[in-house]
Amino acid sequence: MIFEETYTMNNGLKIPKLGLGTWFIDDDKVAEAVRQAVKIGYRNFDTAQAYGNEAGVGEGIRTCKVSREELFVGSKVTAEHKSYEEAKKSIDETLEKMGLTYLDMMIIHSPQPWMEVNQSENRYFAENKEVWRALEDAVEAGKVRSIGISNFDVEDMKNILEDCRIKPAVNQFLTHISNTNFEVIDFCQKNDILVEAYSPVAHGEMLKNEAVADMAKKYGITVPQLCIRYTIQLDCVSLPKTANPDHMKSNAELDFVISDADMEVLKQVKKIENYGDASMFPVYGGKL
Ligand SMILES: NC(=O)c1ccc[n+]([C@@H]2O[C@H](COP(=O)([O-])OP(=O)(O)OC[C@H]3O[C@@H](n4cnc5c(N)ncnc54)[C@H](OP(=O)(O)O)[C@@H]3O)[C@@H](O)[C@H]2O)c1
């Protein structure tokens, strides 16, 4: 059962291989989604200050009837916070909003503020070191157990690795069939940084891909199952989003193995450039 499977991060702590993404689950709906997911078996939850649903995720965690120690809860410092003080204050606000005494994971959401992603050469190297220092201090203060980064390229990671006190435990970035950054994955894995695959179903766009549907049919599984399994076979944490309990259940039925030959085929699927209505988001190559 996938729910029992974990990776051990570079700090010795464990993280479940499958998590629930919560982007676009409204604050007033997400507590119930979290409770349902916990009932089904999910133990890993991903939110962010920018999702506007930390309060609801926290409520779900506090009311799900499974003890806090059995759950893995992560959030992200907003991409626009690029100073030590802003980051530190925002971590305290996250804990306050969620009604939790600690987080399992806190991540820098993006090396650049969203308005500058895909538009500016400024990688905010000095500022990201300051934000990282705030995350390190949050670990030392017992507010956060593990810290990580998101959407960091190799140069952004090298900047942090140069003089950090605590190494990033994870890098969370876009990873799905047809769009897998093997250079970043390789750098992470060589440096013992676990990859968290976000948008493993391409924000829903993979459901429209015929080549992927054909392969799913061959295995007698659904497209999301194939997509999620693909990311796990790349040794990534997979973070599919859904508020639908039927989807939560089927997304966790991953008791099959994609053959090496088919993994190679999936690695070659033509890159999708169009993420439908979501195309304008910087994470999919858009500009705000
Ligand atoms: N760090 C970052 O910058 C960043 C960026 C993007 C995402 N993320 C994280 O990654 C998570 C997942 O990414 P995502 O939300 O972009 O998209 P995703 O998980 O790739 O896809 C979600 C879409 O797939 C559909 N879906 C999921 N399971 C399904 C199933 N079994 N059958 C049919 N449809 C299914 C969902 O619809 P239903 O809701 O109807 O099931 C939704 O429309 C986010 O929620 C967030 O936590 C992080």
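Values reported hereafter were calculated over all heavy atoms of this structure, with side chains retained and with hydrogens, waters and symmetry mates removed. Small disclaimer: the values here were computed from a predicted structure and weren't measured. Numbering of ligands and ligand atoms starts at 1, following listing order.
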Practice task
Quick one: look at K76 and ligand 1, take heavy-atom pairs under 4.0 Å, and tell me if it's side chain, backbone, both or neither.
Solution key: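 Side chain only.
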Could you pull out every donor-acceptor pair under 3.5 Å between side chains of residues 108-117 and any protein atom, sequence neighbours left out?
| from | atom 1 | to | atom 2 | distance (Å) |
| --- | --- | --- | --- | --- |
| S110 | OG | Q112 | N | 3.2 |
| S110 | OG | Q112 | O | 2.6 |
| Q112 | OE1 | R123 | NH1 | 3.2 |
| Q112 | NE2 | S120 | O | 2.9 |
| Q112 | NE2 | N122 | O | 2.9 |
| E116 | OE1 | S120 | OG | 3.2 |
| E116 | OE1 | Y124 | OH | 3.2 |
| E116 | OE2 | Y124 | OH | 2.5 |

Subject >> Per-residue contact class, V283 against ligand 1 - non-hydrogen pairs under 4.0 Å >> reply: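 Just the side chain.
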Review point. Just heavy atoms, cut-off under 4.0 Å: does N151 contact ligand 1 by side chain, backbone, both, or neither?
Key: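 It is the side chain that touches ligand 1; the backbone stays farther off.
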Give me the nearest non-hydrogen protein atom to atom 43 (O) of ligand 1 as residue plus atom name, then the distance to 0.1 Å.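 That would be H203 O, 4.3 Å.
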For the rings on F72 and F45, is their centre-to-centre separation under 6.0 Å?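 Ring centroids of F72 and F45 are no less than 6.0 Å from each other.
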Out of F24, Y198, Y51, F45, whose heavy atom is nearest to atom 46 (C) of ligand 1?
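Going through F24, Y198, Y51, F45 one by one, Y51 has the nearest heavy atom to atom 46 (C) of ligand 1.
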Note to self: Among all the protein's non-hydrogen atoms, which is closest to atom 39 (O) of ligand 1, and how far away is it?
What the structure shows: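 It is K241 NZ, 2.9 Å.
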Partners of S67 by side-chain contact (heavy atoms from CB on, under 4.5 Å), sequence neighbours excluded?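 For S67 the side-chain contact (heavy atoms from CB on, under 4.5 Å) partners, ignoring immediate neighbours, are E69, E70.
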Please list, in number order, the atoms of ligand 1 under 4.0 Å from a heavy atom of P200.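 Close to P200: 19 (O), 20 (O).
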For ligand 1, which part of Y284 has a heavy atom less than 4.0 Å away: the side chain, the backbone, both, or neither?
->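 Under 4.0 Å from ligand 1, Y284 contributes side-chain atoms alone.
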* To do: Would you kindly specify which portion of S199 sits under 4.0 Å from ligand 1, judged on non-hydrogen atoms: side chain, backbone, both or neither?
  =>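 Within the 4.0 Å criterion, S199 contacts ligand 1 through backbone and side-chain atoms alike.
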- Task: Only heavy atoms count here, so choose which of D246, L239, N244 is nearest to atom 11 (C) of ligand 1.
- Result: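 The option holding the nearest heavy atom is L239.
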- request: Would you kindly specify which portion of T47 sits under 4.0 Å from ligand 1, judged on non-hydrogen atoms: side chain, backbone, both or neither?
  value: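 Neither part.
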